[in-house]
Amino acid sequence: AYQRLIHDLHTQVASLRNWTKLMDSSKYGNKSAREAAENIPKVAEEILLQVSAAKSNLRFENSVLLEKDIRACVEEATTQAFNASPRARVVNLIRLVPRKKVVAAHDPIQLKRAISNLVSNALDAARSTVEVELVHSSGEVHIRVRDDGPGLSQEDAGLFLRGRKKSTKEDRPALGLSNANHIVQSHGGKVVYRPNPVGGACFEIRMRG
């Protein structure tokens, strides 16, 4: 987590250094100094958000991966998120899970948390429908969480996955997607975002299986 933090902070720290030099230099004029003064707090806030995400992620480093049927993990995480959501009565939840076992190395507790985070976000964003799909193909497991809400840009989705965006509901870092991404990375996988073809968002967990 520390190594990833250093890598992710490189650009922001370089940007902060450049803006600071610009503000302190007299040769660029007052306009550049004002622009630098406006941008320094923004970059500093991005750095603090990234550090908060990394601090939260440290507790996921020691996952024990077990070769087990992953269907139970998907079902339990989905049910947990749905039952906890205040929108459960107005959102239709669709589950697409294979009848046959899907065996993959995973930490059930941690992966359940990652899936639950994705489903919770989808329930918050959805207009009427959330779809959770488990697919096992060519040695890979794909867990897709789709909603029919407003969706996200690729840039914003990337920032959320890296813990560099604030919550849209409260004035605090939005760490749900970042934590989910980190858990999946600790499983040797990744979280991929793409727009839902029917509108909305689709976050997909990809793992070996």
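Computed over heavy atoms, backbone and side chain alike; hydrogens, waters and symmetry mates excluded. We're numbering straight along the sequence, starting at 1.
- Across all their heavy atoms, Ala81 and Leu123 have their closest contact at O-CD1, 3.7 Å.
- Here the straight-line distance linking atom OG of Ser178 with atom CZ of Phe160 works out to 11.5 Å at 0.5 Å rounding.
- Residues Ile70 and Ile143 are in side-chain contact: their nearest non-hydrogen atoms beyond the backbone lie under 4.5 Å apart.
- When the shell of 6.0 Å around CD of Gln154 is examined, it contains more than 12 heavy atoms from other residues, nucleotides or ligands.
- The shortest heavy-atom contact between Glu38 and Pro41 is O-CD, 3.5 Å.
- By the 4.5 Å heavy-atom criterion applied to side chains, Leu152 and Phe203 are counted as neighbours.
- A distance of 9.5 Å separates CZ of Arg146 from CD1 of Ile94, quoted to the nearest 0.5 Å.
- Here the NZ atom belonging to Lys68 is positioned 9.5 Å from the CG atom belonging to Asp107, to the nearest 0.5 angstrom.
- Proximity of Pro98 to Leu134: side-chain heavy atoms (C-beta onward) are separated by under 4.5 Å at one or more points.
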query = Step by step, would you call Arg206 with Glu140 a salt bridge (Lys or Arg N to Asp or Glu O under 4.0 Å)?
reply = CA-CA 7 Å; Arg206 297 179 182 174; Glu140 283 194 343; 5.8 Å; no
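- Residues Thr129 and Leu93 form no side-chain contact, since every pair of their non-hydrogen atoms from C-beta on lies 4.5 Å or further apart.
- For the atom pair CG of Asn83 and OG1 of Thr78, the computed distance is 10.5 Å after rounding to the nearest 0.5 Å.
- Closest heavy-atom contact between Ser186 and Leu65: O-CD1, 4.3 Å.
- Summarising the local packing, CG of Leu96 is surrounded by more than 12 heavy atoms from other residues, nucleotides or ligands at distances under 6.0 Å.
- In this structure, Lys42 and Glu45 have side chains that are not in contact, with every pair of non-hydrogen atoms separated by 4.5 Å or more.
- Taken together through direct or relayed side-chain contacts under 4.5 Å among Ile, Leu, Val, Met, Phe, Trp and Tyr, Met207 and Leu177 form part of one hydrophobic cluster.
- Proximity of Ile205 to His187: side-chain heavy atoms (C-beta onward) are nowhere separated by under 4.5 Å.
- Note that CE of Met23 and CD1 of Ile40 are 4.0 Å apart. Values are rounded to the nearest 0.5 Å.
- Closest approach of Pro150 to Ala125, counting heavy atoms only: CD-O, 3.5 Å.
- Across every non-hydrogen atom of Cys73 and Pro108, the tightest pair is SG-O, 3.6 Å.
- Arg127 places a side-chain N or O within donor-acceptor distance of the main-chain N or O of Gly149, the cut-off being under 3.5 Å.
- With Val102 as the partner, the side-chain contact (heavy atoms from CB on, under 4.5 Å) test is satisfied by one option alone out of Val141, Val74, Val97: Val141.
- The two residues Ala122 and Val145 have their closest heavy-atom pair at CB-CG1, 3.7 Å.
- Residues forming a side chain to side chain contact (heavy atoms under 4.5 Å, CB included) with Ala126 (at least two apart in sequence, or on another chain): Arg87, Val91, Val130, Asp147, Asp148.
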task = Using the side chain to side chain contact (heavy atoms under 4.5 Å, CB included) rule, take Arg71 and His136 through it: C-alpha gap first, then chi angles, then the decisive distance, then the call.
result = CA-CA 11 Å; Arg71 293 178 305 167; His136 187 210; over 6 Å; no
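- Taken to the nearest 0.5 Å, the CZ atom of Phe82 stands 7.5 Å off from the CZ atom of Arg95.
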